[in-house]
S.K.: 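Quick one: structure below, then a few questions.
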Amino acid sequence: MNNPVTSIKLVLLGEVAVGKSSIVLRFVSNDFAENKEPTIGAAFLTQRVNINEHTIKFEIWDTAGQERFASLAPMYYRNAQAALVVYDVTKPQSFIKARHWVKELHEQASKDIIIALVGNKIDMLDEDPTERKVAREEGEKLAQEENLLFFETSAKTGANVNEVFLKIGENVPLKQAADGSNNGSGLNVRRDNGWIWQTRLIQPRKPLTVAAESLVVLITKVHISFPERFRTEYGGVAAWAVNLCKTVSWNQP
Amino acid sequence: MKSWKISGSPHKGQAAGGATGGIAARSSSADGNFDAMSKQQAAAISGPRKQHSALQGYSPLRYMPPSRSASNDSNALLKQSRRSSHSNNRPTGGANAGHSASTTSFTTDGSGKYFQDLDEDWSAVIDDYNMPIPVYLNGGSAGTADSLSRASTHSYPQLPNLTGTGSGSRGTPGPAVVPETRTPTEIAQERDVQELNSMMARITKFNALLSSKHILNVKELRQLSWNGIPKPNRPKVWKLLIGYLPANTKRHESFLQRKRKEYRDGITHTFDEQNHQRDIPTWHQIEIDLPRTNPSIPLYQFKSVQHSLQKILYLWAIRHPASGYVQGINDLVTPFYQIFLTEYLPASQIDEVANRDPAMYMSEEQTVQLEADTFWCLTKLLEQITDNYIHGQPGILKQVKNLSQLVKRIDADLYDHFTNEHVEFIQFAFRWMNCLLMREFEMDVVIRMWDTYLAETSQDSSVGGATTGASAGADLSAPTTPAQRTVSTFQTPPSKIRTEATVGASPSSPLSVRSFSATTAVTKTTASGAGSDDASGTRQSSSLNEFHVFVCAAFLIKWSDQLCGMDFQEIITFLQNPPTKDWRESDIEMLLSEAYIWQSLYKDATSHWL
Ligand SMILES: Nc1nc2c(ncn2[C@@H]2O[C@H](COP(=O)(O)OP(=O)(O)O)[C@@H](O)[C@H]2O)c(=O)[nH]1
Ligand SMILES: [Mg+2]
């Protein structure tokens, strides 16, 4: 894989349970879960795709849809180069919500963000066409007005899902990305220093005074209240506590 | 100078770390017995106190050495396990492999430089910082010296100087060189028997406590429960710990009747179409979320269960409009539901609870009882953490911030690495706070974790037995605001900052800080109607959000070594899917214990944070 790699930061927004996480799961793992746990906060996933000699790496933040979590969304779309605004074609309410997200993105997100409007769960129309509550034309119209890409998908069957991402990949200006894999040199220095807690705790601090009495109280406390079961196994940790209170500075700024 | 010794141990000298070892007690305690020590020290600080009850009936002999520790070359083994703890994602070989490995540096020569003592006072008290805290060995029933030696080998997995590996320079032969004469199978069998015995002993203790005819000793229950509650006792103990059931057993019957009726009335009212305007979006949201709550556990796929939970969650949501239903609460209700459900199964089938449809064995009346108990306990739990779910979720934001400050303090490397990689704590820790780490662990582990959470963090009001009933009697129609714990871990009233400022200068200041809080604790306990004895200073319960942050810190730092070698993507991906699938109770107990230590160390001493 010596193709040039471009990273695209992409965020998914949309009402709860429209299938955002399912779309990502389909794209990243080509999988579908009937009962996917609701996303809390946000979830991060990545996927690489080759488009015309180029490798595009999608770095995806899948946000939680519930209103209560909405205040977190700006953190995720602020630096995004692309956004999927998803609604459920069987839920008119979710389309209203999608309009809101588009508006918010236009107002708050980066100016040249690429937005795709995605109507999901079209597989449900196969069984019963009357399930459709948001006409395709409605979506197309909004997309045209707001200058969005538009797709109707099914995360369940996989229909059209990859196409959304490919299209976005084609539209994001290809910039030569720095090789993302940093080799992390300099980080492994302390690998062989034994107990990592200890070294990490102690190295950066200069030992300071902690009164002997407080130490004894501390040990008494730690030891007495220690889970009965672990008292033996944990004798060592308590000893470590002794080290700690000896060497950690409580009072450094 | 006296060394602390292991009472009843036939090898005092070694246990105390040999000639140079030993935490010399300033105490003049005649035999150096730790208990005497601790009592004396504690007494000096917070007045007379009884011996801690948790010390009774303690048998370390449950922990026989795993067969690998029978090897003569434990040094090599330690190195080996250190390597494995560095390369593996999770602790191997049970609870202590990771730590047994990591502590070896205590005795390596190179580590000496970390322990330079700059303070004269110190040398007067401690001549070997690597000295372990003495533990009780139950010499009486131990049998041969041989088995004792082995028990002690295993007692200090982190302290090779006790096992002989680090003691070469001191010329003390370590017990680890005692050849193992039994086969691994025998050892395993013996261990099983011991496990079983100690489990029976625990159950007996719980039963004895719970069968009290009058006021239950909730405080003792709390201490016992910290270490895990036997399955058959769990429903009742949880209800007591969380402050739902009153400590006065005579009132249990009438109390439950009243609360169940209240719940039933609440439901009737709420689902009465004439009188109540259904909050459709909330109802829908809950309805959507239930089928995908604990999707891997069959229990939650049964319609009857989803129906019960939907009523409970909906009723809670409309009774708490400032918060309303927030995703994650659907997770939090399930441990209560599942545990209380076991009350309706014969003891032999408790383990089947996750697979059986309650509709098959519960009457309608029982279903309402179960729902009511679950509802009230959920209410109690959420009372403690309402700030997590109100607008803007300030409770969670604050916890995430505290977590980052804590990690900055105790693991600067990790913190810096996160900063360099642009990893923000909220990106992974939000869910940890919002769901109390429930998404990170399997249900069995979560339940064990809750034993400790409920024991550690429940409201003060339930500490004193006499007041429990009153606090549990909160009226359904008037949802109580959480009893605010004003002393937050990381925030300090200005007056205290001044106290802190002097700590560095005067060696005795920490003591005054400590004794100050110990006194406070005693006062508090007395005020709430319970006698001020042993635990008031040491087992002061903390708030849920506080303790949880320490658990999260322990959890994060557990993976520190790996995380420091990862880039942004790998870090986030790792933390979203931590390798905890096959964690067992012992793993979570280890984590909780670590959290407890962090809390002991940082709770008071760093109260000037933020
Ligand atoms: N029939 C159908 N169901 C879907 C589809 N996508 C998602 N779902 C279901 O809708 C529910 C919510 O999906 P999820 O991905 O969690 O939605 P999110 O809240 O937007 O992330 C889950 O039960 C999914 O199984 C789809 O394309 N078709
Ligand atoms: Mg989702």
Side-chain angles (χ1 to χ4, degrees), chain A residues 16-17 35-38 40-41 43-44 46 64 66 68 71 182 184 187-188 193-196 198 200-202 204 207-214 216-247 250-251, chain B residues 38 41-42 45 52 54 58 60 63 96 102-105 108 114 116 118-119 121 125 129 131-133 135 155-156 158-159 226-227 288-289 291-292 295 326-328 392 410-413 430-431 434-435 503-504 507-508 510-511 514 538-539 560-561 564-565 567 569 572 576 593 597 600 605:
Chain A
V16 74
N35 287 316
K36 214 169 168 335
E37 287 177 312
I40 304 292
F44 180 77
T46 61
Q66 210 193 356
R68 184 64 81 220
S71 56
N182 83 59
L187 286 173
N188 298 327
N193 277 357
W195 199 4
I196 52 170
Q198 181 194 340
R200 237 181 293 117
L201 276 164
I202 289 158
L208 263 206
T209 302
V210 176
E213 287 90 343
S214 76
V216 175
V217 171
L218 176 72
I219 299 165
T220 308
K221 177 169 172 176
V222 169
H223 187 70
I224 283 196
S225 42
F226 220 72
E228 176 182 329
R229 236 175 123 167
F230 282 104
R231 200 165 293 128
T232 40
E233 294 186 359
Y234 254 81
V237 171
W240 159 79
V242 176
N243 281 306
L244 187 71
C245 36
K246 184 171 159 37
T247 41
W250 304 122
N251 310 300
Chain B
S38 65
Q41 290 294 339
I45 276 125
H52 199 280
Y58 168 61
Y63 292 95
N96 57 0
S102 17
T103 337
T104 53
S105 64
T108 61
Y114 299 127
Q116 292 303 310
L118 301 185
D119 177 9
D121 269 10
V125 178
Y129 322 124
M131 176 54 199
I133 304 305
V135 292
S155 296
Y156 299 106
Q158 302 96 329
L159 291 160
W226 213 101
N227 304 306
I288 292 170
D289 285 348
R292 41 194 197 138
V326 178
Q327 287 176 331
I410 62 191
D411 192 346
D413 285 0
F430 187 91
R431 187 172 80 182
N434 194 77
C435 305
V503 170
S508 63
L511 174 62
R514 280 295 311 139
T538 51
R539 297 280 306 152
S560 177
D561 218 21
C564 281
D567 65 13
Q569 253 187 58
I572 299 286
Q576 277 177 173
S593 303
I597 291 194
S600 307

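By convention in this document, chain letters (A, B, ...) are assigned in the order of the sequence lines, proteins followed by strands, and residues within each chain are numbered from 1.
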S.K.: Where is the tightest heavy-atom contact between A:Ile40 and B:Gly328, given as atom of each residue plus distance?
M.R.: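 The pair with the smallest heavy-atom distance is CD1-N, 4.0 Å.
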S.K.: If you tally heavy-atom pairs under 4.5 Å against chain B, which of A:Gly41, A:Ala64, A:Pro38 wins?
M.R.: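 The option with the most such pairs is A:Pro38.
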S.K.: Do the side chains of B:Pro295 and A:Lys36 get nearer than 4.5 Å, heavy atoms only?
M.R.: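 Side-chain contact under 4.5 Å: no.
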S.K.: Would you give the length of the straight line joining atom CG of A:Asn35 to atom CD1 of B:Ile288, rounded to the nearest 0.5 angstrom?
M.R.: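 Here the interatomic distance stands at 12.0 Å.
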S.K.: Using the side chain to side chain contact (heavy atoms under 4.5 Å, CB included) criterion, which residues pair with B:Gln569? Sequence neighbours excluded.
M.R.: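 Scan of B:Gln569 (side chain to side chain contact (heavy atoms under 4.5 Å, CB included), adjacent residues dropped) gives A:Phe44, A:Thr46, A:Lys57, A:Glu59, B:Asp567.
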S.K.: Please find the pair of heavy atoms, one from B:Gln327 and one from A:Val16, that lie closest to each other, and give the distance.
M.R.: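 In this case the closest contact between B:Gln327 and A:Val16 is NE2-CG2, 3.1 Å.
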S.K.: Any chance you could measure B:Asp289, atom CG, to A:Gln66, atom CD, to the nearest 0.5 Å?
M.R.: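 The CG atom of B:Asp289 sits 7.0 Å away from the CD atom of A:Gln66.
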